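First comes the structure, then the notes that go with it.
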Amino acid sequence: MKIATWNVNSLTARLQHVLDWLIANPVDLLCLQELKMTDDKFPLEVLKSAGYEAASFGQKTYNGVALLSLSPLREIQRNIGGFEDEHSRVISATVDTPTGPLRVVNGYFVNGQAPGSDKFAYKMRWLDALRDWLRAEMAAHPRLVLLGDFNITPEDRDSYDPVGLKETIHHTTEERQHFQALLQLGLVDGFRLFEQPEKSFSWWDYRMLGYQKNRGLRIDHILVSEPLVPEVRSCTIDRVPRKWEKPSDHAPVVMELGG
DNA sequence: ATGGTGGGCAACCCA
């Protein structure tokens with residue numbers, strides 16, 4: 001089976017891209033971020049016609065996440081348990097796979113603007129809450145994937161300019177420690193299970209010809225719990241839709257799982 | 001060069 005994550009930067013603006021991408025890449029599960037729409041605007045029927053059951057957790061203008069699945073979504077949960085959050089950033093569900101149930105946690109992590117800002121402080125609190133909640137989630141669901149737009153470069157090699165951008169947003173020691181804390185829960189970065197091209201990124205700024213110059217960051221990730229590691233067959237970034245007209249600034253990350 | 005582009009929607013917004 002295949003799973004994927006994609007920050008679409010408005011599902012209203014990108015619905016046709018999503019439908020076109022799914023036709024070319026009929027993944028079993030697609031996790032979306034930055035819907036920028038309320039749930040009453042979510043295109044449930046259009047996705048159903050494309051063969052996908054879906055669950056959304058949106059809000060007006062900002063944030064918003066959704067799960068699109070060929071097979072039924074069970075035990076759908078919204079946001080981080082026990083954490084009061086005005087933003088719609090996490091949606092989780094269980095899907096059945098040939099090798100057992102898979103718990104999926106889809107997150108649009110806080111951007112954080114700049115170190116020292118209120119938004120950065122919120123990012124740190126949010127990451128604290130996510131880690132504490134995930135510890136229990138992983139105990140309850142040993143086969144778990146955490147995927148989405150993390151807004152963190154795990155290492156220097158995940159940035160086009162780690163020297164010039166040292167300790168700026170997406171690159172700070174604090175953010176990277178939070179990423180490591182997720183790994184310490186028993187999660188593994190699926191992308192790094194495989195040899196990958198140098199300068200592999202999942203996001204490129206719209207400005208200054210960012211994509212054309214490959215000035216990007218790898219901030220979209222698929223982390224798998226240890227019991228799933230032997231099942232991971234591949235993990236790749238699909239740059240194709242980033243070349244389409246009016247693209248999202250993010251590219252999808254795709255993982256193939258096999259029994 | 002402290003810029004620039006894009007989405008949503010009228011916010012000195014948010015990425």
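By convention in this document, chain letters (A, B, ...) are assigned in the order of the sequence lines, proteins followed by strands, and residues within each chain are numbered from 1. All values derive from a computational prediction rather than experimental measurement.
Not one N or O on the side chain of His87(A) forms a donor-acceptor pair closer than 3.5 Å with the backbone of Phe109(A).
Only the C1' atoms considered, dA15(B) is 13 Å distant from dG4(B), to the nearest whole Å. Comparing the P positions of dG7(B) and dG3(B) gives an interatomic distance of 22 Å, to the nearest angstrom. On the P atoms, dT5(B) is 22 Å away from dC9(B), given to the nearest whole Å.
Between Arg207(A) and Asp249(A) there is no salt bridge, since no side-chain nitrogen of the basic residue lies less than 4.0 Å from a carboxylate oxygen of the acidic one. A salt bridge links Asp132(A) with Arg135(A); the closest basic N to acidic carboxylate O contact falls under 4.0 Å.
One interatomic measurement links the two molecules: CD1 of Ile169(A) to P of dC14(B), which rounds to 14 Å at whole-angstrom precision. In this structure, CG of Asn7(A) is placed 11 Å from P of dA15(B), rounded to the nearest angstrom. Rounded to whole Å, atom P of dG4(B) lies 18 Å from atom CG of Asp249(A). Distance CG (Leu209(A)) to C1' (dT5(B)): 10 Å, rounded to an integer number of Å. Atom-to-atom, CZ of Arg207(A) to P of dC14(B) comes out at 15 Å; the value is rounded to the nearest Å. Regarding Gln113(A), its CD atom lies at a distance of 7 Å from the P atom of dA15(B), rounded to whole Å. Counting to the nearest Å, the C1' atom of dG7(B) and the NE2 atom of His250(A) are 12 Å from each other. Look at OH on Tyr206(A): it is 13 Å from P on dT5(B), rounded to the nearest Å.
A heavy-atom distance below 4.0 Å to DNA chain B is reached by these residues of residues 12-24 of chain A, ordered by number: Thr12(A), Ala13(A), Arg14(A).
Across every strand in view, dC14(B) sits in a pair with dG6(B) that passes the Watson-Crick or G-U test at under 3.5 angstrom.
Of the residues listed (Asp156(A), Asp149(A), Asp158(A)), the one engaging Arg218(A) in a salt bridge (charged side-chain N to carboxylate O under 4.0 Å, His left out) is Asp158(A), and it is the only one.
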message: If you apply the rule side-chain contact (heavy atoms from CB on, under 4.5 Å), what do you find for Asp85(A) with Tyr122(A), and how did you get there?
response: CA-CA 10 Å; Asp85(A) 198 345; Tyr122(A) 166 51; 2.8 Å; yes

Detail all sub-3.5 Å separations between protein N/O atoms and N/O atoms belonging to nucleotides 9-13 of chain B.
residue: dC9(B); atom: OP1; partner: Thr61(A); partner atom: OG1; Å: 2.9

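A side-chain donor-acceptor contact under 3.5 Å links Thr97(A) and Arg143(A). Between the side chains of Asp205(A) and Tyr160(A), not a single donor N or O lies within less than 3.5 Å of an accepting N or O. Between the side chains of Asn63(A) and Ser88(A), no donor-acceptor pair is found at a separation under 3.5 Å.
Taking the six-membered ring for Trp and the full ring otherwise, the centers of Trp21(A) and Trp6(A) sit less than 6.0 Å from each other.
Within 4.0 Å of Tyr211(A), counting heavy atoms only, lies no atom of the nucleic acid at all.
Residue order along DNA chain B, read from the 5' end via each residue's closest nucleotide, puts Leu35(A) first among Leu35(A) and His170(A).
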